[in-house]
Every structure is written in structure tokens, then in C-alpha cells.
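Sequence lines set the chain letters: A, B, ... in the order given, protein chains first and strands last, and positions in each chain run from 1.
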Number of protein chains: 2
Amino acid sequence: MPTSRAPLSTRRVLQAALALADSGGADSLTMRHLGRELGVEAMSLYRHVANKDAVLAGILDMVVSEIDLPEPSKDWKAAMRHRGVAAFRVFTLHPWAPPLLMSRTNTGPSMLRYIDFTLGVLRGAGFSWRLADYAWNTMDSYVYGYTLRRLAFPIAPADYAETASAHQHLLAGDRYPHMAELTRQVAEGRHSGDPDITFGLDLILDGLERLRDTEPAT
Amino acid sequence: MPTSRAPLSTRRVLQAALALADSGGADSLTMRHLGRELGVEAMSLYRHVANKDAVLAGILDMVVSEIDLPEPSKDWKAAMRHRGVAAFRVFTLHPWAPPLLMSRTNTGPSMLRYIDFTLGVLRGAGFSWRLADYAWNTMDSYVYGYTLRRLAFPIAPADYAETASAHQHLLAGDRYPHMAELTRQVAEGRHSGDPDITFGLDLILDGLERLRDTEPAT
DNA sequence: GCAAGCTTGCTTACGACGTAAGCTTACGTC
DNA sequence: GACGTAAGCTTACGTCGTAAGCAAGCTTGC
């Protein structure tokens, strides 16, 4: 029986790379491992992708393309809110992606589409170009920062109270009095300790709205 | 002449590691390179540090300790603003640090001190524990996100207009109409394209103040 | 029908990396 | 001067990305 194997292609390589990163994180995405996954030697992959960097750029664009854009008919605040939440959700499904996204310049088509859509929403809502630019940058800084912090944090929100109880003694001294008290609040169930992404999103959106309404005419 | 060399120590290793990262980025910080820098073989370093991860944790705490905390007497908004700007400035001096900071849980003493200070400022300004917790988390998400985006962006703000001019033709089609127009605005000098960190900081701080003032009593 | 050339994948190899295991050397201290 | 201990060195293993060249099969032109 001769080896009958679906032929490789850039597309197949990228799909396998995405699956690999999703299942084992960024560290498990090596050219050798990727080759093994496709039943092929590592070097064979270089027929279809220039190098590992191209693989990363490719799967990052695939991830960004998953971010759901709401129909532009929506109220601009709802649309922007939706956009932020959608990005967070997608990144949660691909937790290896945000660190990579942030450490490289991403100008893939999906990212450009995402930005262009956002600018369109803001312009449609009456923002000046200057303010629209500031607005989406501020939104994205927050969303990426929130997402990264959340993904790097080793404790699930559901376990905050329990963890706070268990570690309270570590803050027993009076070196960090406020953290100690905050930890106590969480341990006693008086504060969840879990800032939802919408807290900051709405805070920023309300602020942007106010700026739009008070901005000198452009 | 016998080899007379200052003896190694954890401190000396970390100082050299910090210098190495500052001068050549995170990639140039390898155990072999670090050893060479100290006139020693890589394996000798393991007498003074447990492993590379300990080196990273150590120099990250050194970086965080550089973040200037304003005297607590200040107006809370000014203090929080100061804190954000100070963090950004420090990270700009150590651009290799933020990606590492975000990809690991950092509980070094400097970080704890930084958080405790922030909570103190907010509590002193009349924020509830819940809102104070949300507040510093929102601030930090923004500051980290802004910093990372800024550090990863390959163009200096001073070159925005020139770069926009040079690359305008890439957006010529009507696939990204809003980006094309925004780029034109920047190219023509009608918009700097440079969102200062204080834009988002003040936006968030104003929003937090409003929430504090309207929050039901705790 | 068959040779020429192109495509696809394989083999081998190089110079990095972090670090485990064990060795050598030098320096107190008694 | 013997001995315990600390500091640094040597060697080695398994990993990584990828350069260079080779082998086999498919496509095309005559």
C-alpha cells in the first residue's frame, strides 16, 4: 500500500497550526510538532509557508477574523460594547493569541477590516476623525490589557473567594494593609473581586460620548 | 597573574541581567550570554539563581520598583494620573518588560507595594472597596494595554505623518474607506494620530469619579 | 511513449537554547 | 595539614528554527 496522504497546502498547514496552538498553547506550536501532526517532516512545511513567523501571522489573522462584528445599524455604544466583548470571547477561546498579537505588528486583512468597521461606527455616530481615532485606540488598549491580565491570572473568578480565604495569612502583616482588607472583603463574600470587562467598556464609552457632545465643532 | 574577579552574587547576576535586557532586549537575555557578560560560564550562574525564571522575576521586580509613586497627599486624580504616566515612562525605558510582566503572575514586593498604594489612594478618596478594586483594575488594564500597543507599534509618533503619506496608496481601494480617510487626515497634518496616554487616563478617571459620586452608599 | 523539468517532501546538519550531573579548585577552620 | 564547603567549570541531553541538498513522483511537450 503506497502512502496515500492528502497533499499539503498553505491552508492545511495553517489549520493544523491553529488546532495545535488551541490544544497545547503557543509552546506546543513548533515546526517539528506541526509536521508530525500532518504526517510529514518539519522541513516539508517550508514548501508551503515561508517560515514560522508566517505561520504565526496566518493563524493570528484567522483568530481575528472570528471576532464578530455587529451590524452597523445598531446604536454605536451597543456596537462598540459588542465589539469589545466579542474580542474578549474570541481571545478566551484562543488564549495563546493575545500575547502574540501584542508583540507584533498585525496588518492582516481581518485586523484592517476590524479597525475600519470600528471607525465607521464612530464616524456614523458623529465623532470627529481625531476623536474617533482616540476612541478606538482607547477601547482597544483597554480590551487588550484587560484580556491579557485576565488570561495571565491563574485563578478563575469562581475561585476568588476561596483563594482569598486560603491566602489571607500571607498578607497578615501591616505591610500591605489595603490589600489585606480587600482580600478579607473577597474572602467574606462581600465583594466578588471579578471586574467584568463591561465595567471598563461602559466607563470608557460613556466618557467618549460626553467628549463627543462637548467637543468644539470640527 | 591569577584570575582576580569580583565574586558573583544573586545581586550582581540580576543587575547584569537587567543591563543585558535593557541593551539587547529579552532575546539577548540568555544564561550563556549572561555568563559571558560576567566573565563566567553559564552553569555557574545556577549557584546564585534557581533558574532563568527566577532571573526574570528578579529583574521584573527591579523594573516595577522604578515606578514612581506620588506622595499620597496629592489629589487622588492627580495621583492616579501620575501613577499611570510613571508606569508608562518606566516601561518605555525597559521595553522588554511589559510582555513578560503580562505573561506571568507577578507577586513581587514592588508590585504588591504598587497595588497597595493605589488602593490606599482610592480608599482615601472615598471609593468603596468594590469600586476601588474595579477602579485600579480598569486603570491597569488600560495602562498595560496602551503601553504594549505603543511599544509594539513600529512607528514613532514623530513619523506618523510622513509614514501615512508614504503608505496612503496601500489603502487606495475602497475596501477600507475609513482607514483611508483617517490616514489622509494624518498625512495632511490635520490629525496627529498620536493618542497620548493621558487621553484614556483622564477619560477613565472622570468616569470613576462620576461612579463614586452616584454609587449607592456602601 | 517518454524524456525534461517542476513540485513535493525527506535527510542531514548547524548553531542556538535551558539545565541536569558530576568534577575541580580554592578557601576557611580547627 | 586534613577536611568540609562553596564557587565555578566541563560535558552532555534534548529541544528549537531552518539552510542545503537530494529523491521521488507528477506534468507537460513532442
Query - Gap between atom CG of A:D133 and atom OG of B:S192 - 0.5 Å precision - result: 8.0 Å

Query - Atom-to-atom span, CE of A:M43 to P of C:dA13 - whole angstrom - result: 14 Å

Report summary line: Interatomic distance, NE2@B:H94 vs CZ@B:R89, rounded to 0.5 Å, equals 12.0 Å

Query raised in the report: Whole Å only: how far is the CZ atom of A:R12 from the C1' atom of C:dT8?
Result: 13 Å

Query raised in the report: Is the shortest side-chain N to carboxylate O distance from B:D53 to B:R104 below 4.0 Å?
Result: yes

Query raised in the report: Between B:Y46 (OH) and C:dC23 (C1'), how many Å, whole number?
Result: 18 Å

Query raised in the report: Rounded to the Å, how far apart are A:M31 CE and D:dT15 P?
Result: 17 Å

Requested in this report: Round to a whole Å and report the spacing from CG of A:L34 to C1' of C:dG9.
Outcome: 14 Å

Requested in this report: Please figure out whether A:E41 or B:R47 has its closest DNA chain C nucleotide nearer the 5' end.
Outcome: A:E41

Query - Any B:S44 side-chain N or O less than 4.0 Å from OP1/OP2 of D:dA7 - result: no

**Report entry** Short N-O contact, B:D194 and B:R150, less than 4.0 angstrom
**Finding:** yes

Query raised in the report: Tell me: CZ of A:R32 to C1' of D:dG17, nearest whole Å?
Result: 7 Å

Report task. Could you state the atom-to-atom distance from CG of A:L38 to C1' of C:dT8 in whole Å? Result -> 14 Å

Query raised in the report: Which nucleotide, in any strand shown, forms a Watson-Crick or G-U wobble pair with C:dT29, with both distances under 3.5 Å?
Result: D:dA2

Requested in this report: Output yes when at least one side-chain N/O atom of B:H33 is less than 4.0 Å from OP1 or OP2 of C:dC17, else no.
Outcome: no

Report task. To the nearest Å, give me how far apart NZ (B:K52) and C1' (C:dA16) are. Result -> 12 Å

